[in-house]
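Heads up: numbering here begins at 1 and tracks the sequence. Side chains included, hydrogens not; waters and symmetry mates left out as well; all remaining heavy atoms used.
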Amino acid sequence: MTIYGVALLAFCFLVGKITGTLLGAAIGIDGDVGGVGFAMLLLVVGNTYLKRHGGLTTATAGGILFWSAMYIPIIVAMAAVQNVRAALTGGWVALLAGIAATVGGFILVPALSRIGRSFAEAPDHE
């Protein structure tokens, strides 16, 4: 059922949010550090695991696919509320890390696209 896909996404988000908050507390930052990223990684791992072990029905995959498509605008909205001014006054390291991550993302898009196409074209091995 589609609800299982939504449940998997919600579980991944909550675990990612908790992990990001704990990581922030561990390094002395009052906030979430990478929680959405952890959630996305957990979703990819969980989705792959379920596909390989036959636990992912078509309806469940549809629920995951729908909410995965909605995830990017959610991330953009979450990033928009971050305090950019505090990051800039906090030091140039934060700015350089952001620029490096953005450039790295642009560089990786073609490579990830090729990997995605190769997975789509490859036959399932069971």
Using modelled atom types and a 3.5 Å cut-off, is there a donor and acceptor pairing between side-chain atoms of S113 and backbone atoms of V109? no
To the nearest 0.5 Å, what is the distance between [atom1] ([X]) and [atom2] ([Y])?
X	Y	atom1	atom2	answer
F38	T21	CZ	OG1	10.5 Å
T19	D32	OG1	CG	9.0 Å
I27	L22	CD1	CG	11.5 Å

Closest heavy-atom pair, V33 versus G24, reported as atoms and distance to 0.1 Å, is CG2-CA, 3.5 Å
Shortest non-hydrogen contact from C12 toward A39: O-CB, 3.3 Å
Cluster check Y49, V44: I/L/V/M/F/W/Y, side chain < 4.5 angstrom: no
